[in-house]
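Just so it is clear, the model here is predicted, and its values are computed rather than measured.
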Amino acid sequence: MKLPIIKHLTQFIEENDQDYLIETLEVLESLTEVSSISDEELDVLGELISNISGALEVHKMIQQGTDKKEALNSFMKRVLGSIDQ
């Protein structure tokens, strides 16, 4: 996951609608089921899926009243904390 991408996608949601990202996420998840897809392509899809999912989660926190900067930082701390375990 890359914070600049999640931040950019969060801004996209604010300017447009989260439904665009939800539908994109569904398409990318569907692509992972293609049998002829390479491991490298799966890695790229996985990274995109992770960033979009992260942006949707950050957006949800913002909707619940968390400051945007705090929501981004909190999310990344949780991600890094889960990696360290």
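Contact of the E14 side chain with the I62 side chain is registered, since non-hydrogen atoms from C-beta on lie closer than 4.5 Å. Side-chain contact between K68 and Q11: present, with at least one pair of heavy atoms (C-beta onward) separated by less than 4.5 Å. Between S53 and L25 there is a side-chain heavy-atom pair separated by less than 4.5 Å. Between L72 and M61, the closest side-chain pair of non-hydrogen atoms is not below 4.5 Å.
Without hydrogens or angle criteria, E41 side chain to S38 main chain gives a donor-acceptor distance under 3.5 Å.
None of N51, V58, T24, L48 except one satisfies the side-chain contact (heavy atoms from CB on, under 4.5 Å) rule with L9; the exception is N51.
The distance from atom CE of M1 to atom CD1 of I49, rounded to the nearest 0.5 Å, is 11.0 Å. Atom CD of Q63 is separated from atom CD1 of I13 by 8.5 Å, given to the nearest 0.5 angstrom. For the atom pair K69 NZ and K7 NZ, the distance stands at 8.0 Å (nearest 0.5 Å). Here the straight-line distance linking atom CD1 of I5 with atom OG1 of T10 works out to 11.5 Å at 0.5 Å rounding. In this structure, the separation between CD on E47 and CD1 on I52 is 10.5 Å, given to the nearest 0.5 Å. Rounded to the nearest 0.5 angstrom, L21 CG and L56 CG are separated by 5.5 Å.
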Q.
Applying side-chain hydrogen bond (donor to acceptor under 3.5 Å, both in side chains) to Q18 and K60, what does each step give before you reach the verdict?
A. CA-CA 10 Å; Q18 74 176 2; K60 182 179 178 182; over 6 Å; no
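Hydrophobic cluster membership differs between Y20 and I6, with clusters built from Ile, Leu, Val, Met, Phe, Trp and Tyr side chains linked at under 4.5 angstrom.
There is no side-chain donor-acceptor pair under 3.5 Å between T32 and E29.
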